[in-house]
Amino acid sequence: MKLLITGGAGFIGSNFVRYIIQQHPDWEITNLDKLTYAGNLENLKDVEQSLRYRFIKGDIGDRELVDQLLQQKFDAIINFAAESHVDRSILDASPFLETNICGTQVLLEGAKKYGIKRFIQVSTDEVYGSIELGSFTELSPLHPSSPYSASKAAADLLCLAYHKTYGIAVIITRCSNNFGPYQFPEKFIPLAITNAIEDKPIPVYGDGLNVRDWIFVLDHCRALEATLEKGRAGEVYNIGAGNEMTNLALVHTLLKSLDKPESLIQFVTDRPGHDRRYSLDSSKIRTELGWKPIYSFNDALAFTVNWYLSNRHWWQRIKSGDYAKYYEQVYLKR
Ligand code: NAD
Ligand code: DAU
């Protein structure tokens, strides 16, 4: 299979590229990535020598580039490329609309013109908004709360419209919160781990009782592989591992595993529009495609903590660059 991966230099994309290169000796990957602040070629150092992997620096919103690239006859496009951080979307929504909506539309147009047989849109549980009790199914209405989730919901609707109108073989996946190696340290788990390692305060928004459902990134990659191979065009698949917990409970677990004091927890002003709880019913992908998570939450979290302990150069370089300015903007005002 010849795949075009977009956003493959980010957290989930780079884990997916590595996973596919290892699992499928006859598959080829082209990775189109703009290398925004979140894209990092260091994430792919160990795969860049593979003859089955190729990197192209570029924007998914660049029509000419996408058109040129798609002349190379790909079997599938997997669109990871996005602005992905909710807090950044609250500071400035524009890049979210440009990449997440307009960029996706450019890819869909390309898929239409070149008759791409599979288009996987990597979406998020955040499109459903918050739920107090019970879990969202694929039929639940979309109620996004942040500019980020609104842009992802808009892209989902565009994908479904391109399926209905032009017959593009789009599949949408909506996954819960990922964690694992190479996650940019603006996100809660790597932020908490790396701050704790450095004995810095861990900012917990509001009362810390917001609930997220955590999934190890390789379980997400396995689910995407299943949708690529067996998913039905025009369908949406929720992907969740059923590890729901409050942010506070999660921080306590992380501090314990690093043998750090609870005094590092610092409650800060809440994120505006902060969704209280995410919860997915993922029975559709489990029954229809036979996927289920295989990594235990505790083992995967311990593995992730160890990865950040052993790869300090990776995150220390990020945290000492432009990221420091962003951190000040978001946290010192709270
Ligand atoms: P990330 O921010 O780590 O990586 C995004 C990647 O996209 C980066 O490499 C960046 O350079 C690239 N990119 C951004 N704009 C681009 C553009 N215009 N053209 C080409 N490349 C561009 O994000 P992530 O956490 O790996 O998330 C990947 C995808 O998965 C996103 O679509 C996100 O919405 C979705 N998702 C993430 C999670 C999660 O918990 N992180 C959960 C569910 C779904
Ligand atoms: O649910 C899937 C989504 O998960 C993805 O679509 C997004 O791309 C991804 O960023 C993530 O969004 P969240 O907003 O849920 O993740 P984040 O890591 O930013 O925050 C997780 C929880 O922790 C959330 O309730 C906010 C809280 N939080 C976050 C940060 C960064 C804090 O309490 N303190 C913090 O400093």
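Start at 1 and go down the list; that is how both ligands and their atoms are numbered. This chain uses plain numbering: 1 for the first residue, then up along the sequence.
- Taking only non-hydrogen atoms, the option from Phe188, Tyr148, Phe184, Phe267 nearest to atom 5 (C) of ligand 2 is Tyr148.
- At a cut-off of 3.5 Å, with distance as the only test, a side-chain donor of Tyr114 or Asp67 sits close to an acceptor on the other residue.
- Identified under the ring pair (Phe, Tyr, Trp, His ring centres under 6.0 Å) test for residues 78-103, with sequence neighbours left out: Phe16-Phe80.
- Taking a cutoff of 4.0 Å between a charged side-chain nitrogen and a carboxylate oxygen, Glu109 and Arg63 do not qualify as a salt bridge.
- Residue-to-ligand polar distances keep Glu186 apart from ligand 2: every N/O pair is separated by 3.5 Å or more.
- Taken from CD in Gln121 to CD1 in Ile172, the straight-line distance is 6.5 Å, to the nearest 0.5 Å.
- In terms of polar-atom proximity, Pro203 is counted as a contact of ligand 2, with an N or O under 3.5 Å from an N or O of the ligand.
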Do any nitrogen or oxygen atoms of ligand 1 lie under 3.5 Å from a protein nitrogen or oxygen, and which ones?
residue, atom, partner, partner atom, Å
ligand 1, 2 (O), Ser84, OG, 2.6
ligand 1, 3 (O), Phe11, N, 3.0
ligand 1, 9 (O), Gly10, N, 2.9
ligand 1, 9 (O), Asp33, OD1, 3.3
ligand 1, 9 (O), Asp33, OD2, 2.6
ligand 1, 11 (O), Asp33, OD1, 2.6
ligand 1, 11 (O), Leu35, N, 3.4
ligand 1, 11 (O), Thr36, N, 3.0
ligand 1, 11 (O), Thr36, OG1, 3.1
ligand 1, 18 (N), Asp59, OD1, 2.9
ligand 1, 18 (N), Thr99, OG1, 3.0
ligand 1, 19 (N), Ile60, N, 3.0
ligand 1, 21 (N), Lys34, N, 3.1
ligand 1, 23 (O), Ser84, OG, 3.2
ligand 1, 26 (O), Phe11, N, 3.3
ligand 1, 26 (O), Ile12, N, 2.8
ligand 1, 32 (O), Phe80, O, 3.0
ligand 1, 32 (O), Val122, O, 3.4
ligand 1, 32 (O), Lys152, NZ, 2.7
ligand 1, 34 (O), Tyr148, OH, 2.6
ligand 1, 34 (O), Lys152, NZ, 3.0
ligand 1, 40 (O), Asn178, N, 2.9

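- Side-chain contact check for Glu42 and Tyr182: no donor-acceptor pair (N or O, by modelled atom type) lies under 3.5 Å.
- The single protein non-hydrogen atom nearest to atom 19 (O) of ligand 2 is Arg271 NH2, 2.9 Å, given as residue, atom name and distance.
- Nearest to atom 10 (O) of ligand 2 by heavy-atom distance, out of Gln266, Arg276, Lys187, Arg277, is Lys187.
- Using a cut-off of 4.0 Å between Lys/Arg side-chain N and Asp/Glu carboxylate O, Asp75 and Arg118 are scored as not salt-bridged.
- With hydrogens and angles left out, the side-chain atoms of Ser89 and Glu83 include no donor and acceptor closer than 3.5 Å.
- Nearest-heavy-atom check against atom 2 (C) of ligand 2 across Asp125, Asp207, Ile189 picks out Asp125.
- Atoms of ligand 2 found under 4.0 Å from any heavy atom of His85, numbered from 1 in the order shown, are 19 (O).
- Close contacts between ligand 2 and Asn247 involve ligand atoms 22 (C), 23 (O), 24 (C), 25 (O), 27 (C) [criterion: under 4.0 Å to a heavy atom].
- Taking each of Tyr128, Trp214, Tyr205 in turn, the one with a heavy atom nearest to atom 33 (O) of ligand 2 proves to be Tyr205.
- Looking at Asn195 and Lys319, their side chains do bring a donor and an acceptor atom within 3.5 Å of each other.
- Between Glu126 and ligand 2, an N or O atom pair is found at a separation short of 3.5 Å.
- Summary of contacts: the protein heavy atom closest to atom 4 (O) of ligand 2 is Asn177 ND2, 3.1 Å.
- In this pair, Trp27 and His24 present their aromatic rings parallel. The plane angle is below 30°, not in the 30 to 60° band.
- For Leu191, every heavy-atom contact with ligand 2 shorter than 4.0 Å involves the side chain, none the backbone.
- Defined by atom type and a distance below 3.5 Å, a donor-acceptor pair is missing between the side-chain atoms of Asn298 and Ser296.
- For atom 25 (O) of ligand 2, the nearest protein heavy atom (residue, atom name, distance) is His274 NE2, 2.7 Å.
- Enclosure of atom CG in Asp322 is not indicated, since only 12 or fewer non-hydrogen atoms of other residues, nucleotides or ligands lie within 6.0 angstrom.
- Backbone and side-chain nitrogen or oxygen atoms of Asn210 are examined, and none is located within less than 3.5 angstrom of a nitrogen or oxygen of ligand 2.
- Close contacts between ligand 2 and Thr124 involve ligand atoms 1 (O), 2 (C), 3 (C), 5 (C), 6 (O) [criterion: under 4.0 Å to a heavy atom].
- Listed by number with element, the atoms of ligand 2 under 4.0 angstrom from any heavy atom of Val204 are 33 (O).
- Asp207 and Arg276 are joined by a salt bridge, as a carboxylate oxygen and a charged side-chain nitrogen come within less than 4.0 angstrom of each other.
- Interface of Tyr331 with ligand 2, defined as ligand atoms under 4.0 Å from a residue heavy atom, comprises 30 (C), 31 (C), 35 (C), 36 (O).
- A donor atom on one side chain and an acceptor atom on the other are not found under 3.5 Å apart for Asp125 and Ser176.
- Atoms of ligand 2 found under 4.0 Å from any heavy atom of Ser84, numbered from 1 in the order shown, are 7 (C), 8 (O), 9 (C), 10 (O).
- Among Phe184, Trp307, Phe11, the single residue meeting the ring pair (Phe, Tyr, Trp, His ring centres under 6.0 Å) criterion with Trp314 is Trp307.
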Exercise for review: Start with the C-alpha gap between Phe179 and Phe297, add the side-chain angles, then the distance that decides, and say whether ring-ring contact (aromatic ring centres under 6.0 Å, His included) holds.
Suggested key: CA-CA 10 Å; Phe179 68 97; Phe297 174 76; 5.5 Å; yes
